[in-house]
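Read the structure below first, then the notes.
Remember, it's a predicted structure, so these values are computed and weren't measured experimentally. Order of the sequence lines fixes the chain letters, A, B, ..., with proteins taken first and strands second; residue numbering starts at 1 for each chain.
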Amino acid sequence: MDRRSFLKALALTGAAFSIKEVDAMTLLSQNFAAAGPADKYDLVAVMGGSPVDMFRKGIAEFGGMSQFVKKGYRVVVKPNIGWDKSPEMAANTNPELVGEIVRQCFRAGAKEVLVLDHTCDNWQKCYTNSGIESAAKAAGAKMVAAHEASYYREVALPKGIKLKSTQVHKAILDSDVWINVPVLKNHGGAKMSIAMKNHMGIVWDRGYFHSNDLQQCIADVCTLDKKAVLNVVDAYRLMKNNGPRGKSEADAVLSKGLFISQNIVAVDTAATSFFNQVREMPLETVKHIGKGEELKLGTTKLDSLDIKRIKI
Amino acid sequence: MLRKIRIVVSVLLFGVLSLYLLDFADLLPMQFHAVAQLQLLPALLSLNVAVLIGVLVVTFLFGRIYCSSVCPLGVCQDVVNFVSRKLRKKKRFKYRKPLTLLRWLFVGIAIAAFVAGFTFLVGFLDPYSAFSRMVVHVFKPIYMAGNNLLEGIFSRFDNHTFFAASVYLTSVFSLVVALVTLLGVGLMAALNGRDYCNTICPVGTTLGAVSKYALFKIRIDDAKCNSCGSCSRNCKASCIDSKQHQIDYSRCINCFDCLDVCSKNAMSFRYGMVKTANTKVDKSKRTFLMVLGGAGVATTKVLASKALPISAASNTAKRQVPISPPGSLSHTNLMQKCTSCHLCVSKCPQQIIQPAFTEYGLAGVMQPVLTFDRGFCNYDCTICSDVCPAGAILPLAMEAKHRTQMGVVRFVKENCIVFTDETNCGACSEHCPTQAVSMVPYKNDLDIPYTQTDICVGCGGCEYVCPALPNKAIYVEGLSVHNTITIVAEKVEEVKVDDFGF
């Protein structure tokens with residue numbers, strides 16, 4: 001090798017190393033819009049079946065899980081596992097639904113599926129007593145801890161109004177895709193806890209949210225670049241009163257519903273309207289949904305969307 | 001043979017208890033805490049008749065088996081001694097005269113402290129509690145840090161076998177006490193074997209008094225013994241006077257080491273009628289001790305009842321009365337029975353039980369108190385009351401736990417986010433298991449906390465999570481005597497949902 005070609009090679013290598021990951025590249029690699037089938041429905045609502053049946057019917061309308069999870073993907077499934085409560089209380093996402101989602105991820109070719117939540121009660125008790133740990137593990141997923149700051153990484157939220165940056169769980173940030181699986185609940189502070197509110201389980205510092213305009217912060221955190229590839233709202237049982245924790249089984253209603261969408265504002269709007277049949281809950285009181293629309297995270301105008309309704 | 005059995009049994013019990021104290025990840029079965037229940041002083045305080053009779057009968061039959069095999073501090077000294085003898089091959093023991101007066105002085109101090117209401121001083125001397133504090137405050141943090149190191153390495157390779165543990169310094173005072181115990185007892189053990197057991201330990205002295213009359217004892221066959229002194233050199237209790245062919249049974253801890261080292265087979269553990277030793281009783285010594293004890297009780301009693309003054313300012317949301325763990329019934333019960341073994345501190349999954357400093361006054365130093373800085377009491381958890389060996393925290397059925405009120409909620413509206421910022425919050429109500437804190441309409445679609453003290457259990461969920469700074473808007477005030485709340489069962493309504501609603 002002569003001196004000239006050596007220098008050229010050196011310069012090229014240097015240039016190659018200097019390439020930095022930019023947002024545009026991450027967006028390209030996960031391609032939110034292209035991941036879903038554009039020609040299919042915006043939102044699928046299912047009623048009247050078991051959690052597993054409803055999910056199977058619903059996801060089929062989107063062309064199956066393989067539309068969202070590709071071969072070799074590392075997937076995070078993020079249910080609500082906030083409380084040390086059994087499934088009948090409707091405080092946490094239905095474990096059978098979580099199990100089915102995990103199974104479908106693997107069937108679609110996922111390399112690894114992780115399940116996590118930053119819980120409110122003791123995390124080990126929540127993971128165990130919600131039934132989610134055993135259901136997820138039986139389906140082949142791994143439960144990941146989220147109870148320590150060391151599991152989180154700071155990310156900027158340039159589009160946020162009150163929340164300009166926050167620490168998000170590394171497993172979510174490092175995943176190929178993540179699936180948001182909230183449970184439909186009444187909430188003392190945010191009025192409703194659905195898909196947007198479920199984001200408070202991927203962040204470390206929730207206290208900041210509460211002391212800096214909770215409703216705005218919930219909308220702000222949803223501007224995260226790494227958006228959930230799917231929002232699956234579990235309304236098999238919903239929590240009517242005393243949410244998000246609930247006092248007793250009397251707070252839960254067996255409503256047998258399920259809502260799937262990539263549009264987080266729309267899915268929260270649909271779920272709130274569904275909830276409104278059980279207990280009055282005007283959409284405008286659930287302020288984070290409207291604020292989400294203002295931040296262009298989706299639409300509350302369900303009429304403008306192509307919705308598939310299925311009754312089993 | 002007897003020595004081998006002793007080693008196996010002691011290592012087993014010691015291992016189970018130590019691992020149970022270290023185990024932060026709940027890998028071991030809860031039943032392991034049974035080893036703590038076997039300990040004499042906690043059994044005495046909780047009036048665990050089965051254990052008390054068991055230990056006394058065993059001691060009366062075979063001598064201080066408890067000290068050689070059950071007591072974790074005893075076994076711990078054997079371990080130190082084993083290591084020190086490996087390092088210093090020439091280390092030899094020799095017979096030493098008993099320090100009877102000093103030994104009974106410590107028993108006197110322990111009794112006086114208990115009567116005076118300073119149970120924590122008894123716990124200071126209690127070998128089980130001293131050991132358990134060492135593990136909880138010195139070794140457990142090291143164990144957890146080791147776990148975190150492994151977690152860091154494994155997580156790098158996307159292996160989630162380990163999870164990070166939160167290592168906190170729960171109490172500086174307890175750490176210092178644990179370190180002093182570790183160094184003090186460790187040094188005594190390294191130099192003189194079971195010196196602590198036969199000089200300071202009140203449990204050892206008491207059992208020694210019984211074991212003098214034990215039916216089975218180690219006996220020296222005068223015909224076979226050639227007074228070589230081998231037994232004496234290997235006796236870590238320094239209680240064999242090989243020249244006189246005599247053993248001080250009040251100090252023999254039944255380690256059976258001497259049986260194996262005697263080349264003449266002159267030592268044996270066998271049944272024999274009680275040989276009344278003609279020991280002279282020093283009447284004046286006894287009187288002196290009794291007077292000393294009485295005086296001690298009188299002065300300490302005065303001190304114990306003196307609560308330390310607490311300064312209070314409004315709006316600071318600082319509790320005036322400490323919160324004792326659920327099942328402790330009252331501060332009085334807790335303080336009377338707790339030996340500060342810190343088993344509850346170690347086992348609380350929320351890490352909210354901490355050794356008190358002066359919250360309960362001088363008499364309650366190192367006894368467990370709840371703090372809500374890092375967590376709150378899990379509504380469906382009874383672990384502290386399940387494991388307490390001393391009856392300081394009594395077992396609670398889940399139903400009873402749900403109704404136990406250990407403190408009551410206090411709301412300081414002026415500090416509340418909803419009041420100051422006029423934005424939604426509700427973090428307190430979110431965490432409230434009984435909805436003693438609920439959200440009621442305030443203004444502009446906002447809800448504000450509303451408290452019902454009669455259904456508050458004092459779990460501290462609201463206090464822990466309240467985001468108001470620098471002063472919390474909600475906190476729990478302790479109750480020196482716990483109450484029972486009434487929970488009204490709610491009817492499950494049949495609600496039919498037939499439509500999507502959009």
Side-chain angles (χ1 to χ4, degrees), chain A residues 45 47 74 84-85 112 114 120-122 124-125 129 142-145 147-148 150-151 187-191 206-216 235 238 240 242-245 247-257 269-270 273-278 284-285 287 302 307 309 311, chain B residues 25-26 148 151-152 155 158-166 349-351 375-376 378-381 417-418 420-435 437-439 445 447 449 455 461 465-469 487 489-502:
Chain A
M47 271 192 78
R74 297 162 50 122
D84 176 15
K85 293 275 187 185
E112 181 181 56
L114 306 176
C120 298
D121 277 332
N122 178 279
Q124 283 159 302
K125 286 178 187 289
N129 297 337
K142 287 178 191 147
M143 296 301 289
V144 182
H147 66 294
E148 273 274 306
S150 60
Y151 290 107
H187 194 282
K191 300 280 182 179
R206 280 194 287 250
Y208 184 89
F209 283 55
H210 279 275
S211 51
N212 291 280
D213 192 350
L214 178 65
Q215 302 281 22
Q216 186 61 54
L238 62 80
K240 183 185 169 191
N242 299 321
R245 192 183 196 281
K247 277 203 288 188
S248 67
E249 243 178 279
D251 294 323
V253 172
L254 189 68
S255 49
K256 296 195 180 174
T269 306
S273 309
F274 182 74
F275 183 90
N276 191 50
Q277 303 177 104
V278 178
E284 49 292 359
T285 62
K287 294 215 160 62
L302 297 184
I307 299 177
R309 295 175 175 81
K311 281 196 182 174
Chain B
D26 277 338
N148 289 355
E151 189 271 336
S155 294
D158 292 318
N159 182 312
H160 304 286
T161 315
F162 294 88
F163 60 83
S166 322
Q350 300 286 80
Q351 297 185 294
F376 54 96
N378 186 300
Y379 193 51
D380 293 298
C381 176
I417 301 280
V418 183
T420 57
D421 296 15
E422 301 208 338
T423 57
N424 285 114
C425 179
C428 49
S429 167
E430 245 183 77
H431 282 68
C432 183
T434 61
Q435 288 299 298
V437 185
S438 54
M439 299 305 285
D445 276 342
D447 295 329
I455 53 167
V465 83
C466 177
L469 290 170
I487 295 174
E490 291 167 318
K491 262 217 221 112
V492 181
E493 277 178 80
E494 272 295 318
V495 183
K496 262 263 185 237
V497 188
D498 296 319
D499 222 333
F500 289 104
F502 57 88

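- Taking CD of B:E422 as the reference point, atom CD1 of B:I417 lies at 12.0 Å (rounded to 0.5 Å).
- Under the 3.5 Å distance criterion, the side-chain polar atoms of A:S255 are matched with a main-chain donor or acceptor of A:A235.
- With a threshold of 4.5 angstrom between heavy atoms, A:E112 approaches chain B through side-chain atoms but not through N, CA, C or O.
- For chain B, the nearby part of A:K240 is the side chain; its heavy atoms alone come within less than 4.5 Å.
- Contacts with chain B were tallied for A:A145, A:S211, A:G207; A:S211 has the most, counting heavy-atom pairs under 4.5 Å.
- Heavy atoms closer than 4.5 Å to chain B are found nowhere in A:N276, neither backbone nor side chain.
- Smallest separation of non-hydrogen atoms from A:S248 and B:E490: OG-OE1, 3.0 Å.
- Among A:E249, A:H147, A:Q216, A:K256, the residue making the largest number of heavy-atom pairs under 4.5 Å with chain B is A:H147.
- Both the backbone and the side chain of B:D158 come within contact range of chain A, with heavy atoms under 4.5 Å apart.
- In terms of heavy-atom pairs under 4.5 angstrom with chain A, the leader among B:P433, B:S429, B:A427, B:C381 is B:P433.
- A:I307 contributes atom CD1, which lies 10.0 Å from atom CZ of B:F500 (distance to the nearest 0.5 angstrom).
- Heavy atoms closer than 4.5 Å to chain B are found in the side chain of A:S150, but not in its backbone.
- Note on A:R245 versus A:D121: salt bridge recorded, some NZ/NE/NH1/NH2 to OD/OE distance being below 4.0 Å.
- Closest non-hydrogen pair, B:C428 versus B:V465, comes out as N-CG1, 3.8 Å.
- Looking at A:R206, neither its backbone nor its side chain comes within 4.5 Å of chain B, counting heavy atoms on both sides.
- Neither the backbone nor the side chain of A:L238 comes within less than 4.5 Å of any heavy atom in chain B.
- With values rounded to the nearest 0.5 angstrom, A:M47 atom CE is found 11.5 Å from A:R309 atom CZ.
- What you find for B:K491 and A:A250 is that their closest heavy atoms are O-CB, 3.5 Å.
- Of the two parts of B:S166, the backbone and the side chain both hold a non-hydrogen atom closer than 4.5 Å to a non-hydrogen atom of chain A.
- Looking at B:E493, only its side chain comes within 4.5 Å of chain A, counting heavy atoms on both sides.
- Neither the backbone nor the side chain of A:F209 comes within contact range of chain B, judged by heavy atoms closer than 4.5 Å.
- Note: A:L214 CG to A:H187 NE2 = 7.0 Å, rounded to the nearest 0.5 Å.
- Between A:Y151 and B:A164 the shortest heavy-atom distance is OH-N, 2.7 Å.
- When the candidates A:K142, A:K311, A:M143 are compared by the number of heavy-atom contacts under 4.5 Å with chain B, A:K311 comes out ahead.
- Of the residues considered (B:D498, B:N148, B:D380), B:D498 shows the highest number of contacts with chain A, using heavy-atom pairs under 4.5 Å.
- Contacts between A:N212 and chain B at a heavy-atom distance below 4.5 Å are absent for every atom of the residue.
- To the nearest 0.5 Å, atom CD of residue A:Q215 and atom NZ of residue A:K191 are 8.5 Å apart.
- Within the 4.5 angstrom heavy-atom criterion, atoms from both the backbone and the side chain of B:D499 approach chain A.
- Neither the backbone nor the side chain of B:E494 has a heavy atom closer than 4.5 Å to any heavy atom of chain A.
- In this structure, the separation between CG on A:N242 and NZ on A:K247 is 5.0 Å, given to the nearest 0.5 Å.
- Highest contact tally toward chain A, considering only B:N378, B:T420, B:D447, is held by B:N378 [criterion: heavy-atom pairs under 4.5 Å].
- Heavy-atom distances place the backbone of B:C432, and not its side chain, under 4.5 Å from chain A.
- Only the side chain of A:K287 comes within contact range of chain B, with at least one heavy atom under 4.5 Å from a heavy atom of that chain.
- Heavy atoms of B:D445 lying under 4.5 Å from chain A belong to its backbone as well as its side chain.
- At a threshold of 4.5 Å between non-hydrogen side-chain atoms, the residues A:N122 and A:D84 do not count as touching.
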